[in-house]
Amino acid sequence: MAKKSNKIIIIMFILFLLSINVLNIITSDRKFSEFENRMLAQFPSFKIKYITSGRFTSKFEEYVTDQFAFRDFWVSIKSDIERVTLKTKNHGIFFGKDGYLLEDYNKPNKCLDENISSINSFSEKLPNVTAYLLIAPNSVKIYEDKLPLFASPYNQLETIQYVKENLDENIDFVEVYDILNSKKDEYIYFKTDHHWTMRGAYYAYQVLSNYLGVESYKTNNFDTDIVSDEFYGTFYSRANNTHIAPDSIEVFYPKSNVKYEVNYFDNNKATDTLYEVKYLDKKDKYSFFLDGNHALMTIKTNVKNNKKIAIFKDSYAHCFIPFLTNHYEEIHVIDLRYYNLSVYEYMEEHDIGEALFLYNVTTFSADENIKKLK
Amino acid sequence: MRAIIFAFIENILSIKVRCDSMVFSSLTFLFIFLPITLLLYFISPRKIKNIVLLIGSLIFYAWGEPVYILLMIFSSVVDYTHGILIEKHRDNDKKARLIVLSSAIINLSLLAFFKYSDFLIENINYLFNTSLATLNLPLPIGISFYTFQTMSYTIDVYRKEAPIQKSPIALATYVTLFPQLIAGPIVRYQTVADQINNRIETSDKFAEGVKRFVIGLGKKVLIANNIGMLWSEIQGINISDLTVLTAWLGIIAFSFQIYFDFSGYSDMAIGLGKMFGFDFLENFNYPYISQSISEFWRRWHMSLGTWFKDYVYIPLGGNRVSKIKVYRNLFIIWFITGLWHGASWNFVVWGLYFGVIIAIEKAGLLKLLENLWKPIRHIYVVFILSISWVFFVFDDISIGLSYLKIMFGFNNTGFFDTHFLYYLCNYIILLIISIICSTPYIKNKHSLLLESINEKHRLFYENIIITVICFGILFFSTAYLVDATYNPFLYFRF
């Protein structure tokens with residue numbers, strides 16, 4: 001006669017395995033995860049070739065884990081346990097004070113040198129183009145006082161300084177750290193996302209306008225509006241803790257009546273607005289600005305001053321570029337990650353006289369695509 | 001000459017081959033493979049239970065690398081025929097010996113070919129300045145384990161320590177048995193010979209198996225994987241930026257990772273074995289509470305130690321030979337123990353390091369230790385082991401040596417820094433849990449409690465509390481397994 005306690009254990013074990021399986025079977029497969037913002041693996045095709053090469057099995061494992069019932073629930077349970085056991089970081093994101101999520105930043109490696117020299121070679125090849133480099137610090141530097149106890153990411157100021165020292169003197173280095181740091185009491189970075197807010201971008205624009213030699217617009221030249229107050233950004237997706245408050249998205253609209261002609265070349269889309277309202281109902285709300293990532297887009301404005309600027313950028317530029325539309329007739333925005341044609345031919349063909357490189361420190365330290373400029 | 005050898009050892013780029021034990025702790029195994037196999041096994045009549053287990057094992061093995069299933073089948077056929085041949089030539093010892101030798105050569109050749117050929121080629125290239133191409137074969141999972149197991153069959157049959165297996169299915173079941181196929185324990189044939197043919201599955205044994213499996217799963221998923229993250233963070237820091245205490249914390253984290261990973265896997269194997277009615281011998285016995293390195297090796301990966309002792313050390317004469325020969329035997333044993341762990345010189349150094357320490361202990365250090373205060377003996381063991389894991393973990397010996405230099409303060413980055421404090425604060429709870437779980441503290445409390453409480457409380461404890469704990473470990477392990485593949489797509493970093 002088996003012991004009763006043993007029977008209970010066996011029943012618990014079998015019930016657990018079975019109920020998870022039943023849940024897995026009855027919950028239907030999802031194509032896309034809003035929470036993780038990516039396509040999920042689907043049931044792999046059953047071909048002999050795949051089976052013998054082991055591809056089927058690895059795809060199958062991806063399928064099982066991606067379509068695991070209540071995936072988001074399990075993932076958030078794990079994040080909660082981490083916090084209960086005093087961990088202050090999950091998937092590289094610190095749980096900062098006052099609801100700030102901050103991304104760890106490590107000492108940059110050779111990639112940074114590569115990127116600096118790529119930009120230097122841009123200026124060598126196009127000596128007649130005025131080039132600017134704007135490196136925006138990330139929230140982890142500006143809000144370092146919000147970091148958990150003893151957390152000590154690499155100092156981004158040292159990276160910024162390093163870039164400045166190694167940059168060709170023909171390129172204007174735009175320093176925005178001081179102004180951002182002085183405005184840190186304002187809402188200049190998202191708490192749950194890796195971007196700055198449009199307000200943060202506004203202060204950087206104030207500094208840049210001095211270099212560009214244009215008269216910047218002041219705050220009273222803009223109407224501001226909160227377009228969303230339930231933005232859960234990328235840091236939220238990584239830290240994955242459900243006890244975090246959402247961000248809101250503020251937009252600056254110029255009071256002057258600027259008209260736009262916006263062209264997205266990779267999907268042949270033309271529009272007359274810088275803001276795509278459809279994203280405000282989705283997870284990826286930051287794509288509200290300039291429709292997210294595109295290899296190449298142009299903005300033509302009714303500011304008839306014949307000035308043209310090219311912008312090589314990461315997504316920090318998306319909420320920044322709208323400020324420049326008040327000063328340029330043509331803005332050509334190139335994302336080196338997706339743009340594979342010759343940048344130099346493009347510059348020549350369109351007769352562009354100015355170029356702005358706008359990156360945040362984290363991307364600039366590790367992006368492998370800037371070297372396409374070489 | 002010495003300089004050449006030293007440079008030679010330092011410069012060899014090692015091949016990344018390591019027994020990786022991921023498979024039991026995957027969602028596919030836990031929620032699909034295991035329930036189906038258990039179900040089929042228990043509804044099958046006694047006669048075909050071994051066949052079910054054999055097919056299950058082959059599918060399990062084919063999962064990672066389908067082609068290598070042929071290797072398993074080949075291995076089974078070779079061992080089966082050698083067993084029959086030994087039986088046939090029982091009267092002619094010379095012939096029988098040759099057959100054992102043939103089996104050992106075939107098995108070791110398999111191992112040598114798949115695991116060590118690239119290592120050998122790279123060494124030849126280095127020594128003779130040649131440029132032979134490496135084969136870059138994917139390492140068949142668990143090959144180090146099952147070749148040792150299958151060799152034990154023919155040797156045991158030859159030594160009459162186990163009866164010959166007449167059924168090819170039964171022998172193939174032994175060779176491929178999935179619970180211990182991948183990361184041990186190395187089950188010698190003599191220890192399961194009877195169970196292969198006749199074993200009884202009872203619900204008591206099944207429940208024991210479930211508990212054991214769940215404990216192993218928790219050790220692997222909740223402790224090893226997480227403390228391993230501390231190690232990989234510290235390992236990720238540029239070596240010249242490390243401080244003394246961070247280096248020590250890192251290697252201690254690795255010590256826990258490898259122990260909980262490996263022993264957790266053995267627990268899962270033993271637990272799975274029990275569910276199917278097998279009793280495998282224990283593989284770990286709280287090695288980190290040892291008072292000497294000799295004791296450590298009696299508690300760590302016991303199945304490997306016993307294997308080497310039974311099939312190599314004692315046949316070489318063990319310690320019943322002249323002093324010189326004892327040291328020769330020790331050298332051989334520790335050389336191959338090291339090499340068995342991986343096809344790279346750092347593992348050989350790691351093995352010989354233990355050989356030297358054990359030789360010193362034998363030569364008198366043990367006696368000296370006995371008179372010391374217990375905590376001091378323990379510090380001695382932790383110290384020696386920490387250094388050993390540095391050799392183990394860095395394939396490149398020169399990096400290992402730089403890491404050791406930092407541990408001993410030959411750096412100018414200081415004794416500790418805020419990074420160290422940060423890691424300590426973040427991992428303190430996990431470190432305390434790791435320390436407690438590497439001692440028999442919980443086990444002792446458990447038995448003490450069972451002895452001392454009254455019947456009613458005992459029932460509550462066994463029926464409810466234990467079940468809830470097991471459920472908790474399963475539940476949280478599942479959460480960690482789902483998160484392990486958690487892979488948010490972060491709309492590019494652009």
Side-chain angles (χ1 to χ4, degrees), chain A residues 2-10 12-14 16-18 20-21 24 36-39 51-54 57 60-62 64-66 68 71 74-75 77-79 81 85-89 91 107 149-152 194 234 237-238 240 284 286-287 292-293 314-315 335 337 362-363 366-367, chain B residues 26-28 30-32 34-35 38 62-67 202-204 206-208 210-211 213-214 236 238 241 417-422 424-430 433 459 462-464 466-467 470-471 474-476 478-494:
Chain A
K3 272 169 77 179
K4 191 177 165 202
S5 64
N6 282 338
K7 283 186 179 165
I8 296 174
I9 289 264
I10 295 173
M12 181 279 291
F13 185 65
I14 291 174
F16 184 77
L17 297 188
L18 280 186
I20 296 270
N21 263 311
N24 273 333
E36 292 169 61
N37 197 32
R38 68 178 175 107
M39 304 298 289
I51 293 172
T52 50
S53 70
T57 53
F60 184 80
E61 296 221 12
E62 277 175 33
V64 170
T65 43
D66 269 10
F68 203 79
R71 191 177 157 77
W74 294 108
V75 166
I77 286 279
K78 183 256 181 180
S79 179
I81 305 170
T85 57
L86 302 183
K87 294 267 186 72
T88 53
K89 197 161 80 167
H91 295 295
K107 193 174 174 179
L149 187 64
F150 298 130
S152 43
H194 67 279
T234 54
S237 290
R238 283 166 69 189
N240 230 294
D284 182 6
Y286 185 79
S287 290
N293 293 307
D314 62 24
S315 54
D335 198 324
R337 158 108 192 205
T362 302
T363 329
D367 181 20
Chain B
S26 82
L27 296 171
T28 314
L30 195 55
F31 293 105
I32 297 177
L34 184 59
L38 282 173
W63 194 254
E65 196 61 62
V67 182
T202 63
S203 48
D204 282 343
F206 192 94
E208 280 308 311
V210 168
K211 281 188 252 178
F213 178 81
V214 168
N238 195 331
D241 294 337
D417 57 5
T418 48
H419 285 289
F420 168 75
L421 295 173
Y422 178 74
L424 194 64
C425 287
N426 268 256
Y427 284 90
I428 188 76
I429 295 204
L430 195 56
I433 291 173
L459 280 178
E462 286 193 314
N463 292 350
I464 310 297
I466 295 288
T467 310
C470 283
F471 174 77
L474 263 178
F475 182 84
F476 291 127
T478 306
Y480 271 79
L481 284 176
V482 174
D483 185 85
T485 58
Y486 177 76
N487 186 8
F489 175 75
L490 300 168
Y491 30 104
F492 303 106
R493 302 305 323 252
F494 276 80

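So that the names make sense, note that chain A is the first sequence line, chain B the second, and so on, each numbered from 1.
Of the two parts of B/Leu424, neither the backbone nor the side chain holds a non-hydrogen atom closer than 4.5 Å to a non-hydrogen atom of chain A. Heavy atoms of B/Thr478 lying under 4.5 Å from chain A belong to its backbone as well as its side chain. Contact annotation for A/Lys107: only side-chain heavy atoms (C-beta onward) come within less than 4.5 Å of a heavy atom of chain B. Heavy-atom distances place both the backbone and the side chain of A/Leu17 under 4.5 Å from chain B. When heavy atoms are compared at a cutoff of 4.5 Å, B/Phe420 does not approach chain A at all. For B/Asp417, no part sits under 4.5 Å from any heavy atom of chain A, backbone or side chain. For chain A, the nearby part of B/Ile428 is the side chain; its heavy atoms alone come within less than 4.5 Å.
If you tally non-hydrogen atom pairs under 4.5 Å between each of B/Pro35, B/Gly236, B/Ala207 and chain A, the highest count goes to B/Ala207. When the candidates B/Ile466, B/Val214, B/Thr28 are compared by the number of heavy-atom contacts under 4.5 Å with chain A, B/Thr28 comes out ahead. Between chain A and the residues B/Leu474, B/Leu30, B/Ile433, the largest count of heavy-atom pairs under 4.5 Å involves B/Leu474. The residue among A/Val64, A/Ile9, A/Ile77 with the most heavy atom pairs within less than 4.5 Å of chain B is A/Ile9.
Atom-to-atom distance recorded for B/Ile429:CD1 and A/Ile81:CD1 is 12.5 Å, nearest 0.5 angstrom. To the nearest 0.5 Å, atom CG of residue B/Asn463 and atom CD1 of residue A/Ile8 are 3.5 Å apart. Here the OG1 atom belonging to B/Thr202 is positioned 11.5 Å from the NZ atom belonging to A/Lys3, to the nearest 0.5 angstrom. Atom CD in A/Glu61 sits 9.0 Å away from atom CD1 in B/Ile32 (nearest 0.5 Å). For the atom pair OH of B/Tyr427 and CG of A/Leu86, the computed distance is 12.0 Å after rounding to the nearest 0.5 Å.
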Start with the C-alpha gap between A/Phe150 and B/His419, add the side-chain angles, then the distance that decides, and say whether side-chain contact (heavy atoms from CB on, under 4.5 Å) holds. CA-CA 7 Å; A/Phe150 298 130; B/His419 285 289; over 6 Å; no
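Between A/Phe13 and B/Phe213, the ring planes lie perpendicular to each other; the angle is over 60°, past the 30° to 60° tilted range. The aromatic rings of B/Phe475 and A/Trp74 sit tilted relative to each other, their planes meeting at an angle between 30° and 60°.
Annotation: salt bridge (charged side-chain N to carboxylate O under 4.0 Å, His left out) contacts of A/Lys78 (sequence neighbours excluded): B/Asp483. Residues satisfying the salt bridge (charged side-chain N to carboxylate O under 4.0 Å, His left out) criterion with A/Glu62, sequence neighbours excluded, are absent altogether.
Of the possible donor and acceptor atoms, none in the side chain of A/Asn6 sits under 3.5 Å from a partner among the backbone N and O of B/Phe206.
In terms of heavy atoms, A/Ile10 sits closest to B/Ser203 at CD1-O, 3.2 Å.
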